[in-house]
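Here is the structure we will look at, set down as structure tokens.
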Amino acid sequence: MRASFLFGAFFIIHFVSFNLLVAEDSTPIQDGKAFLESARKAPMNESWAVLSGRIIHKRGKASPVESPVYLGILFTPERILAQIYIDPDEKYSIGQAYYSKNEDGTSVIPFNNKKDGQSVLAECGLRPEDMTFSFMYWDFVKELDANSSPGRQCRVFLLESPSKKEQARVYIDTEYRYPLKAEWIKSSADGKKEEPYRSIEIGGFRKEAGFWFVESFQIFGPGFRTKVEFSDVKAGLSKDGIPENLLNKQ
């Protein structure tokens, strides 16, 4: 038995994400491209998820800073739609097409009325699309040597962003086909193991109402570490009803 995550445009994340609901299926896959496609498989039925929690950010020797976070996601067979809400003055609308091969596949519309354009997400080293694990939909470059992360056997893939400016090494659980870790690096034609300037690690999962969720994840790089924890999670099938304001939290 294996689990294939339905990711958004982060972080959640895909990932969210984690991002993030799990559908079940089995059958070993040897071909790298086919394995990757199975890990980012589109859902057959429309569903939704609401994840609420907090972001904990630590930079250098400064004290940790906490902020609330809300992530509402709608999964359709064609794309994922999501809203990230930090507070009334900072929120983002995200769209992620499952099969797009260009930069239009991921869209981020920010709403930021903070003084001088300050952003909680940016200060925490997060991009809006990190919350839905959009890197899972980047272009396949090649499969790298298998690895473990942490304690689980993973297949490792080198993916490149639509802009061609960066790549990600993504560690996907061999049995369940969900991502456990990703490392962002500057683009390299030969795929050398450069030091990542940002990394993400999935901290845990939990099951609620028959759905699996990413419970927490960390993004870190030189001088900072940010943890996102979801303490309140809900999900369901759209045919049974969608929460009011799922993608329009005020």
Side-chain angles (χ1 to χ4, degrees), residues 4-23 39-43 45-55 67-100 103-112 119-122 124-138 161-162 168 178-179 182 200 202 205 208-209 211-217 219 226 228-238 241-250:
S4 148
F5 277 70
L6 314 184
F7 292 96
F10 158 139
F11 151 17
I12 224 116
I13 118 173
H14 304 221
F15 111 284
V16 97
S17 179
F18 91 142
N19 12 158
L20 301 148
L21 306 177
V22 179
R40 53 192 185 188
K41 180 180 178 182
N45 298 306
E46 186 173 297
S47 58
W48 58 269
V50 173
L51 302 91
S52 298
R54 61 179 182 165
I55 300 173
S67 299
V69 63
Y70 164 95
L71 176 62
I73 312 175
L74 181 66
F75 302 93
T76 79
E78 295 80 28
R79 63 177 55 244
I80 294 166
L81 301 172
Q83 185 196 44
I84 300 167
Y85 178 97
I86 306 299
D87 57 43
D89 291 323
E90 183 175 353
K91 51 189 175 181
Y92 305 86
S93 294
I94 301 173
Q96 174 66 56
Y98 292 112
Y99 304 113
S100 177
E103 294 187 54
D104 294 335
T106 302
S107 63
V108 178
I109 301 174
F111 176 87
N112 189 349
S119 164
V120 171
L121 281 189
C124 292
L126 283 163
R127 302 169 183 170
E129 60 268 31
D130 289 341
M131 298 290 288
T132 45
F133 296 173
S134 66
F135 58 83
M136 280 291 292
Y137 299 96
W138 288 5
S161 68
Y178 53 70
I200 182 172
I202 307 304
F205 307 95
E208 294 283 346
F211 293 93
W212 283 95
F213 293 87
V214 169
E215 190 172 38
S216 67
F217 69 92
I219 285 187
T226 296
V228 180
E229 297 178 339
F230 293 113
S231 56
D232 185 20
V233 294
K234 299 181 179 68
L237 296 173
S238 296
I242 300 174
E244 186 177 2
N245 299 325
L246 173 71
L247 302 178
N248 191 30
K249 180 176 173 62
Q250 301 296 326

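Excluded from the calculations below are hydrogen atoms, water molecules and symmetry mates; all remaining heavy atoms, backbone and side chain alike, are included. From a predicted model like this one, the values you see are computed outputs, not experimental measurements.
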Contact summary for [X] and [Y], nearest pair of heavy atoms:
X	Y	answer
Tyr92	Leu121	CE1-CD1, 3.4 Å
Thr226	Cys124	OG1-O, 2.5 Å
Leu71	Ala82	CD1-CB, 4.3 Å
Gln83	Lys249	OE1-N, 2.9 Å
Arg54	Val69	N-CG1, 3.7 Å
Pro243	Val50	CG-CG2, 4.4 Å

Working to the nearest 0.5 Å, report the span between CD of Glu129 and OG of Ser161. 10.5 Å
Rounded to the nearest 0.5 Å, what's the gap from NZ on Lys91 to CG on Asn248? Could you check? 6.0 Å
Would you say [X] and [Y] make side-chain contact, with heavy atoms under 4.5 Å?
X	Y	value
Phe135	Ile200	yes
Leu81	Leu246	no
Ile86	Ile55	yes

Counting distance only, does the side-chain N/O of Trp48 pair as donor-acceptor with the main-chain N or O of Lys234 below 3.5 Å? no
Flag, side chain of Glu90 to backbone of Val120, donor-acceptor distance under 3.5 Å: yes
For the residue pair Ser216 and Glu229, confirm or rule out a side-chain donor-acceptor distance under 3.5 Å. no
Are Glu46 and Ser238 close enough that a side-chain donor and a side-chain acceptor fall under 3.5 Å? yes
Between Val228 and Val214, is the side-chain contact (heavy atoms from CB on, under 4.5 Å) condition met? List the steps. CA-CA 10 Å; Val228 180; Val214 169; over 6 Å; no
